[in-house]
Each structure stands twice: as structure tokens, then as C-alpha cells.
2 protein chains.
Amino acid sequence: MSQPMPIGTVSRLAGVKVATIRYYEGIGLLPVPARTGANRRGYDIEDVRRLKFIRHARDLGFDLNAIRQLLALAGLPEQPCDEADTIARTHLAAVGQKIVQLTALRAELEAMVERGTHGRIAECHVIEVIANLNE
Amino acid sequence: MSQPMPIGTVSRLAGVKVATIRYYEGIGLLPVPARTGANRRGYDIEDVRRLKFIRHARDLGFDLNAIRQLLALAGLPEQPCDEADTIARTHLAAVGQKIVQLTALRAELEAMVERGTHGRIAECHVIEVIANLNE
DNA sequence: CTTGCTCCTCTAGTGGCTAGAGGATGTAGC
DNA sequence: GCTACATCCTCTAGCCACTAGAGGAGCAAG
């Protein structure tokens with residue numbers, strides 16, 4: 001068997017910070033690793049794979065709860081993949097919603113900023129708009 | 001002079017929750033109000049205006065730090081409004097950035113989800129993509 | 001043997017609130 | 001006056017996903 005890796009190595013290989021790895025262990029997202037004689041955590045390739053999975057899912061915007069479920073599913077190759085699909089679709093819908101919101105927001109901000117930067121605060125369009133927004 | 005309003009009334013008028021008003025007071029965003037004999041906060045119209053300003057700015061996505069600056073500027077009508085404009089433009093740029101990011105994300109999620117929901121986890125496209133994302 | 005890196009644990013902070021405990025006061029109806 | 005009930009008070013802790021830092025132990029190279 002291969003030597004266990006120290007946390008710093010796993011961190012580099014998986015692209016996840018040392019502190020974050022310990023955090024994931026604390027919340028039960030990563031299994032508690034064996035310790036060396038000097039009380040250091042020892043990891044193997046499987047841990048690196050799991051951390052990469054987590055990081056990729058984070059990059060895709062999944063929250064840790066969703067990732068917890070996805071990890072559980074990934075460990076059951078015979079199960080149907082409906083559930084994983086549902087998680088992904090739900091997230092996709094949320095991202096779409098967010099884009100819609102932000103796009104509306106951007107339009108409002110653009111309208112607000114459009115008029116030039118000249119003048120005193122007393123006539124400042126930005127301040128005015130915020131002060132008098134409908135309702 | 002008008003009677004001071006209790007916090008619940010201000011809350012209703014400004015559309016800001018009671019707990020949030022107290023929170024804003026705690027972080028110095030809202031001036032510490034006078035108290036009635038029974039130790040209750042007493043507010044006036046000016047406080048309602050300020051809270052509405054804060055809420056509108058929050059709705060526009062400004063963070064409390066930016067709002068703190070905008071409030072300070074709003075109180076100086078003779079100052080030039082460049083600074084307020086800059087704050088708004090900076091925020092607008094951030095929103096634009098976020099939209100770009102989320103749009104890219106959405107494309108990735110769409111590609112991931114596109115293939116049907118059929119099959120076992122072992123062939124699940126969603127899990128596969130997350131497990132093997134580049135790098 | 002010293003320097004400097006990595007590792008350990010533990011605590012507290014980030015932003016912007018929200019929820020709840022536990023108690024005092026005010027108001028309305030009877 | 002009494003009884004509900006709403007509203008107010010303070011204080012603490014929780015949310016999410018980390019991050020930062022203190023304070024100390026161990027390990028490898030020169």
C-alpha cells in the first residue's frame with residue numbers, strides 16, 4: 001500500500017485549502033482519516049478524489065447539502081440516477097432565477113447611473129433614486 | 001412636535017423588520033433613538049426615511065458598507081456627487097460580473113443535465129461530470 | 001543546531017440578518 | 001380590577017461556507 005499523504009499534499013492535489021479540508025472533516029463531509037504517530041492526518045487517493053468531487057461541485061455552485069447528497073449517490077452505482085438529476089435541475093433553475101433577478105437589477109442600476117456625474121449631492125440622481133424608490 | 005413612534009410602527013411604515021431595525025442600530029447604521037419612560041425606543045419620520053433609504057439600497061443589492069457611505073453623502077447636499085456615482089457604478093460592474101459568471105455556470109449545468117434521466121448512477125452524466133471536471 | 005516549514009487545536013470573525021428564550025409593559029374587552 | 005393578547009425589552013445563538021490567527025509541536029535541510 002502507498003504511504004498516507006499529509007494534509008498539505010492532499011490540499012495541493014485537490015485544490016482545496018488545508019483549513020477547508022479540516023472544516024469538511026468537522027462537518028462530516030470527509031471521513032475522519034487515520035492519524036500518524038505524531039497525530040497527523042494521513043490521506044489516500046480516494047480522499048483526493050472525494051475532495052476534487054466536492055470542489056467541482058462547489059465550482060458549479062452546489063451547496064454543501066446538495067453535495068452531501070450527490071456524494072452519497074455517487075457511492076451507490078446501482079441506484080437510478082433520477083435523484084442526482086433532480087438535484088442538478090433544481091440548482092439549474094435556481095441559477096436561472098438568479099440571473100433573471102440580477103438582470104432586472106442591472107437595468108435599474110444602469111438607469112440610475114446613466115445621467116452624468118455632474119452636480120452636487122442635492123441633485124444627485126443616484127441618491128435621489130434610492131431615496132424615492134417606489135413605495 | 002409629533003409623538004414618537006414605537007418600533008413596530010416604524011417597521012410597518014418602512015418595511016423593515018423590528019429585529020432588523022434593532023440590528024441596524026447596533027451596527028451604527030441608524031442613530032440611537034430616545035427612549036420613553038418604559039425604556040421603549042421612540043422614532044420619528046426622519047428615521048422612517050432613513051430606513052426606507054436603506055431598504056431601497058438593499059433591494060438594489062448594495063451592501064451595508066456602501067449604504068453607510070451613501071447615507072453619509074446624502075447628508076451633505078453641497079458635496080459633489082461623484083462619490084455616490086462611483087459607488088453605484090462599482091456595484092453595477094459587480095452585478096454585471098456576477099451575471100457573466102452565472103451565465104457561464106448555467107451553460108455548464110445545462111450541458112450536464114441535457115442528457116436524459118435514464119439509467120443507473122454508474123452511468124449518470126451528472127455525477128460523471130462532477131467527478132471528472134477538468135483538472 | 002538553527003531556520004523555516006508544516007502540522008496540530010481552538011477560538012473568533014465574516015455579512016446580514018433571523019429565531020428564540022425569558023421577562024416587562026401596554027391595550028382592549030368584560 | 002382582571003384577563004388576554006400584542007408589543008416591547010435584552011441577550012444569545014444560529015445560518016452558510018469558510019477564513020484568520022493564536023499558540024504550540026514536530027520534521028527536514030543546511
Side-chain angles (χ1 to χ4, degrees), chain A residues 3-30 32-43 47 50-71 91 94-95 98 101 105, chain B residues 3-30 32-43 47 50-71 87 90-91 94-95 98 101 105:
Chain A
Q3 292 287 78
M5 281 177 274
I7 198 168
T9 303
V10 184
S11 170
R12 253 165 275 125
L13 290 178
V16 177
K17 291 188 183 174
V18 167
T20 305
I21 296 174
R22 289 197 277 244
Y23 169 72
Y24 286 162
E25 179 187 328
I27 61 166
L29 208 57
L30 206 60
V32 175
R35 298 288 183 124
T36 69
N39 194 33
R40 295 173 178 212
R41 291 168 177 83
Y43 295 96
D47 295 308
R50 196 173 174 91
L51 275 168
K52 277 188 178 171
F53 186 97
I54 296 170
R55 182 167 67 77
H56 295 332
R58 289 293 297 137
D59 289 348
L60 289 169
F62 290 98
D63 61 31
L64 293 185
N65 229 327
I67 294 173
R68 212 181 280 272
Q69 297 178 64
L70 289 170
L71 278 167
H91 180 49
V95 170
K98 193 81 201 169
Q101 277 173 29
L105 193 56
Chain B
Q3 292 287 78
M5 282 176 273
I7 198 168
T9 303
V10 184
S11 169
R12 254 166 273 127
L13 290 177
V16 177
K17 290 189 183 173
V18 167
T20 306
I21 296 174
R22 288 198 276 245
Y23 169 71
Y24 286 162
E25 178 188 328
I27 62 166
L29 208 56
L30 206 59
V32 175
R35 297 288 183 125
T36 68
N39 194 34
R40 299 185 171 200
R41 292 169 177 82
Y43 295 97
D47 294 308
R50 196 174 174 92
L51 274 169
K52 278 189 179 172
F53 186 97
I54 295 171
R55 182 167 66 78
H56 295 330
R58 288 294 295 138
D59 288 348
L60 289 168
F62 290 97
D63 62 31
L64 293 185
N65 229 326
I67 294 174
R68 212 182 280 273
Q69 296 177 65
L70 290 170
L71 279 167
I87 292 170
T90 302
H91 180 49
V95 170
K98 193 80 200 169
Q101 276 173 30
L105 192 55

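Lettering follows sequence order; numbering is per chain, from 1.
- Considering only side-chain N and O atoms, Arg40(A) lies nowhere under 4.0 angstrom from the phosphate OP1 or OP2 of dT9(C).
- For dT9(C), one of the phosphate oxygens OP1 or OP2 lies less than 4.0 angstrom from a side-chain nitrogen or oxygen of Arg41(A).
- Where Gly37(B) and Phe62(B) meet DNA chain C, the nucleotide closest to each residue was compared, and Phe62(B) sits on the side nearer the 5' end.
- Nearer to the 5' terminus of DNA chain C, by closest-nucleotide assignment, is the contact made by Asn65(B) (compared with the other of Asn65(B) and Thr36(B)).
- In this structure, the CZ atom of Arg55(A) is 16 Å from the C1' atom of dC18(D), given to the nearest Å.
- One interatomic measurement links the two molecules: CG of Asn39(A) to C1' of dT9(C), which rounds to 9 Å at whole-angstrom precision.
- For Arg35(B), no side-chain nitrogen or oxygen approaches OP1 or OP2 of dT25(C) to under 4.0 Å.
- Using a 4.5 Å heavy-atom threshold, the side chains of Phe62(B) and Ile87(B) count as touching.
- When rounded to the nearest whole Å, the span between CD1 of Ile54(B) and C1' of dG16(C) equals 12 Å.
- For the pair Ile54(B) and Val16(B), the minimum side-chain heavy-atom distance is 4.5 Å or more.
- For the pair Tyr23(B) and Leu64(B), the minimum side-chain heavy-atom distance is below 4.5 Å.
- In this structure, the side chains of Val95(A) and Lys98(A) stay at 4.5 Å or more apart for every pair of heavy atoms.
- As rounded to whole Å, 15 Å separates atom C1' of dC5(C) from atom CD1 of Ile7(A).
- Closest contact between the side chain of Ala38(A) and the listed nucleotides dC27(D), dC8(C), dC8(D) involves dC27(D).
- Taking every heavy atom of residues 17-30 of chain A and every atom of DNA chain C, pairs under 4.0 Å involve Arg22(A), by number.
- His91(B) places a side-chain N or O within donor-acceptor distance of the main-chain N or O of Leu60(B), the cut-off being under 3.5 Å.
- With a 4.5 Å cut-off on side-chain heavy atoms, Arg41(A) and Val10(A) do not count as touching.
- Arg40(A) meets the salt bridge (charged side-chain N to carboxylate O under 4.0 Å, His left out) test with no other residue; sequence neighbours excluded.
- Across dC17(C), dC18(D), dC8(D), the shortest atom-to-atom separation from the side chain of Leu64(B) is found for dC17(C).
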